[in-house]
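Notes to accompany the following structure.
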Amino acid sequence: MSDETLTPIPDQVAAFRVAVLAKLAYSVGKDAEHATEHDWFEAVALATRDYMVDFWLDDERRTQRKKQKRVYYLSLEFLIGRLLFDSLSNLGLLDIARAALAEVDVDLDRIRTLEPDAALGNGGLGRLAACFMESMATLGVTAHGYGIRYEHGLFRQAIVDGWQQEQTETWLDFGNPWEFERPEVVYAVSFGGSVTSITDAQGHQRQIWQPAETVRAVAYDTPVVGWRGASVNALRLWRARATEELHLERFNAGDHLGAVAEVARAESISRVLYPADSTEAGQELRLRQEYFFVSASLKDLLRRHLSQHSTLLNLPQQAAIQLNDTHPSIAVAELMRLLVDEHELPWDKAWELTVNTLSYTNHTLLPEALESWPVSLMERLLPRHMQIIYLINAHHIDALRAQGLHDFDLLRSVSLIEEGNGRRVRMGNLAFLGSHSINGVSALHTQLMRETVFTDLHRLYPQRINNKTNGITFRRWLHQANPALTQLLREHLGDGVLDSPEETLPQLEPFADKAAFRKRFIEQRRQSKVALAALVQERLNITLNPDALFDVQVKRIHEYKRQLLNLLHTVALYQAIRAEHTTEWAPRVKIFAGKAAASYHQAKLIIKLANDVARMVNNDPTVRGLLKVVFLPNYNVSLAESIIPAADLSEQISTAGMEASGTSNMKFALNGALTIGTLDGANVEMSERIGLENMFIFGLTAQQVNVRKRANDYNSEAAIAASPRLAEVLLALRSGVFSPDDPARYVGLVDELTWNDRFLVCADFDAYWDAQRQVENLWRQHQRWWRAAVLNTARTGWFSSDRTIREYATDIWHALE
Ligand code: 26V
């Protein structure tokens, strides 16, 4: 985007140029003649950071002076992506920087691409945390993000012979110009050992934890600036270090390897992001990561609180701690431990402060993603916390009995401990009990939380569950990702659209009926499609027709997201195009991208299928250019920024009831893509605002899915028998048409669909096929399509994360004056 100073003021340009050259000389140690492009990137980032620091220090002073309430956002993931344009554009420096660099023959848009894409997250949950950080800074909510400074973010995905291969991600190789290391902000975090009970001088029973192992958590701060420099907050990420550089005693005793191994063991905590977003929980290192960052963060925020207030009794008035999913939910026990054991508060007081300070967001109902830890592991790693959890549980169950609730099934379901094969701690229940607010991320998801995972807890605490429908930051997903559309909106709606899109975007509606405006709208889309086609040509050597319908599904590969349904449709379309020469097919490009968890075999097979189908379709001359299939490797934030503005059709086709919200659905609609989707997650609220007539909604509803599953009355074999088209697709897959090198490759997959179609792919296939024909119908009625596209943009303002954050700040945090 170009910022509001259309002609940058010469003084500011000169000042920026001088600042960059100074950084190049004194921080990078190069002169302009010998600087590499990367040196320039670093110098520009460092100069930009300086602009933020002044605001930042001011804000901190103001927060202290006014004793403003602070929000602490605890998240194991922050999928922030590149920060250069975020920062420049929010500071109003984008055009100034571009002009300043041009004077020294450096192309800002080129050096932008040298910044590594910080992938400290898996997908939606991590990206949401990043959007929230930006919105909190924009709204002037005093906030601190807390997480882990992973040395390696989410793996890089290479596609080798059609299969996903994971490669180590190395975003820190050239250092990180945005962060401030804070060697003086360091906390000891301990594990293991035992707990002894003593009676202190006052005659109080006290529990003393004697840990076996201690690591250090060192802080690294990244400033996050809001739109128009509104305010600057810090993202504080912890790095694990060994307590002593080398365990000297062991080293001196001759155990050289053992000494090094201990260092490695400590530092492995912040080594790598867990790359699974639903399975593979339950590993010790993961629990160590969770406790490590929670403990350091809580100690840090209590220290800050006590430095400003002399008491902890007003903690809930001065601090709100939001738990992003259950990953930080050990915070319930750790805060209790700190308050009771270290600050010597009575248990009941500590519990009241804990509940009133903490709140928890749930992001998934998938049973395999609901965290629980074996009691035995907890006891070994966090013995004092296990005691505290037992105690919380006992108080809780006693209170229920005192209220006359004796129903065994009820008590069992709301307990923190799951009995049965190996006892486990249910982290969802722990987070629920320890929080005053529990929120879902879309209306449907929140309702399903009440009806499924938390039915009984909800009955006991009917006020706690509330909804906060997700949002996205328009600065990144409109201004930065789509400068051409942003410019068009500014021309027609004025600059207010940049500041208050929620109020301003609806004024776009009348333009949907104006042919001249639609023409401009179509032109900007075409530009983005040409740019994406160039990227595809360069990376995959596949030629795309920018006038074809770009049909896009990009997100983590997961069975419930049903990339497979899209691929079955792709194959059906391919067969139809070959067979039905008389039908007029609209040229279409199917674009897929997304990573699969390394251990998720079925998801990896789906990637292979996409590549097999692509190879077959793209090389078949009888397709006559009517269909192309593309799988773009290594989906990340930057790639999303290129793909989303170029999409005509957005695929949001999860099995109803399974996608908590979705956020790419909002990004696509904002950029004017039409959605084909199920009534799932935030699609429901999108359809209420955008209008069913401007979307392609199909398939079973969550309620219908539920009925079929519960009554066990779904028979996919019958669904296949009733759909000759689907049967033909499955037959082709089964017989190896797409895998001549290994004809049996997809037999298992087809069997699964036939006998155990857990995600109701076959049940929805015909409805999906029909919806896709409606897509083509509308696409052919050019002007009607683009009218709907404009209306999608006009009606998506509500999905700004500013709106979401305003709701959190008002209803949960009480943090906006
Ligand atoms: C779970 C686990 C467990 C094993 C280790 C690593 C790991 C990482 C993440 C998760 C939970 C993933 C939950 C999640 O990403 N939910 C998504 O949240 C989005 C933001 O609310 C929402 O839009 C998506 O619909 C939802 O799937």
Side-chain angles (χ1 to χ4, degrees), residues 73 75-79 119-132 147-148 150 153-155 272-290 293 322-329 360-373 427-428 431 438-446 448-449 453 467-473 477 554-562 594-600 640 652-668 677-678 680-686 702 799 801 804-805 808:
Y73 199 82
S75 178
L76 263 184
E77 308 193 7
F78 288 93
L79 188 43
L120 310 185
N122 272 285
L125 169 145
R127 183 53 233 175
L128 186 76
C131 284
F132 279 6
I148 294 181
Y150 300 106
L154 186 61
F155 65 84
V272 56
L273 165 79
Y274 262 79
D277 62 0
S278 63
T279 45
E280 274 198 313
Q283 280 157 14
E284 181 173 334
L285 180 59
R286 172 81 178 178
L287 181 58
R288 288 164 71 88
Q289 288 187 333
E290 296 184 352
F293 103 99
Q322 189 70 38
L323 308 177
N324 198 22
D325 217 298
T326 53
H327 315 154
S329 58
Y360 150 58
T361 306
N362 173 283
H363 293 270
T364 179
L365 302 173
L366 292 188
E368 64 269 32
L370 295 178
E371 277 190 304
S372 72
W373 293 103
M427 302 310 270
I438 293 94
N439 76 282
V441 290
S442 73
L444 173 65
H445 166 66
T446 300
L448 292 175
M449 271 169 70
V453 276
N467 179 53
K468 295 287 166 281
T469 300
N470 283 165
I472 56 173
T473 167
W477 298 108
V554 290
K555 49 182 82 252
R556 283 299 284 252
I557 311 292
H558 228 294
E559 287 165 281
Y560 83 81
K561 295 179 187 283
R562 299 201 296 191
K595 294 177 182 177
S599 58
Y600 192 169
Q652 307 297 340
I653 59 177
S654 50
T655 313
M658 303 197 87
E659 188 71 273
S661 161
T663 40
S664 76
N665 45 1
M666 304 165 189
K667 295 166 195 168
F668 281 106
T678 47
D680 199 13
N683 294 354
V684 177
E685 286 138 293
M686 284 172 57
F799 295 94
S801 46
T804 313
I805 287 299
Y808 275 90

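Just follow the structure's listing: the first ligand is 1, and inside any ligand the first atom is 1. Just so you know, these numbers use all the heavy atoms, side chains as well, and skip hydrogens, waters and symmetry mates. In this chain, residues are counted from 1 in sequence order.
- If you number the atoms of ligand 1 from 1 as listed, the ones under 4.0 Å from a heavy atom of G662 come out as 22 (C), 23 (O), 24 (C), 25 (O).
- Listed by number with element, the atoms of ligand 1 under 4.0 Å from a non-hydrogen atom of A660 are 25 (O).
- The closest donor-acceptor contact from the side chain of D325 to the backbone of N362 lies at 3.5 Å or more, if one exists at all.
- A donor-acceptor pair is defined here as one N or O able to donate and one able to accept, closer than 3.5 Å; no such pair exists between the side chain of E77 and the backbone of A129.
- Residue Y274 has no nitrogen or oxygen atom sitting less than 3.5 Å from a nitrogen or oxygen atom of ligand 1, judged on distance alone.
- The heavy atom nearest to atom 16 (N) of ligand 1, considering only M666, H327, K561, H363, is found in H363.
- Proximity of a side-chain donor or acceptor of T678 to a complementary backbone N or O of S654 within less than 3.5 Å is detected.
- No hydrogens or angles considered: nothing links the side chains of T663 and N470 as a donor-acceptor pair under 3.5 Å.
- Contacts between S661 and ligand 1 below 4.0 angstrom, taking non-hydrogen atoms only, involve backbone and side chain alike.
- Every residue was checked against the salt bridge (Lys or Arg N to Asp or Glu O under 4.0 Å) condition with R127, not counting sequence neighbours, and none meets it.
- At a heavy-atom distance under 4.0 Å, only side-chain atoms of N470, from C-beta outward, approach ligand 1.
- Annotation: side chain to side chain donor-acceptor pair (under 3.5 Å) contacts of S75 (sequence neighbours excluded): N324.
- Backbone and side-chain nitrogen or oxygen atoms of V441 are examined, and none is located within less than 3.5 angstrom of a nitrogen or oxygen of ligand 1.
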Checklist entry - Does the pair Y274 and L285 meet the rule for a side chain to side chain contact (heavy atoms under 4.5 Å, CB included), with working shown? => result CA-CA 9 Å; Y274 262 79; L285 180 59; 3.5 Å; yes
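- For the pair E685 (side chain) and S442 (backbone), a donor-acceptor distance under 3.5 Å is absent.
- Proximity of E371 to ligand 1, defined as any heavy-atom pair under 4.0 Å, is not found for any part of the residue.
- The shortest N/O to N/O separation between Y560 and ligand 1 falls below 3.5 Å.
- Taking every heavy atom of E77 and a limit of under 4.0 angstrom, the matching atoms of ligand 1 come to 8 (C), 9 (C).
- Proximity of L125 to ligand 1, defined as any heavy-atom pair under 4.0 Å, is shared by backbone and side chain alike.
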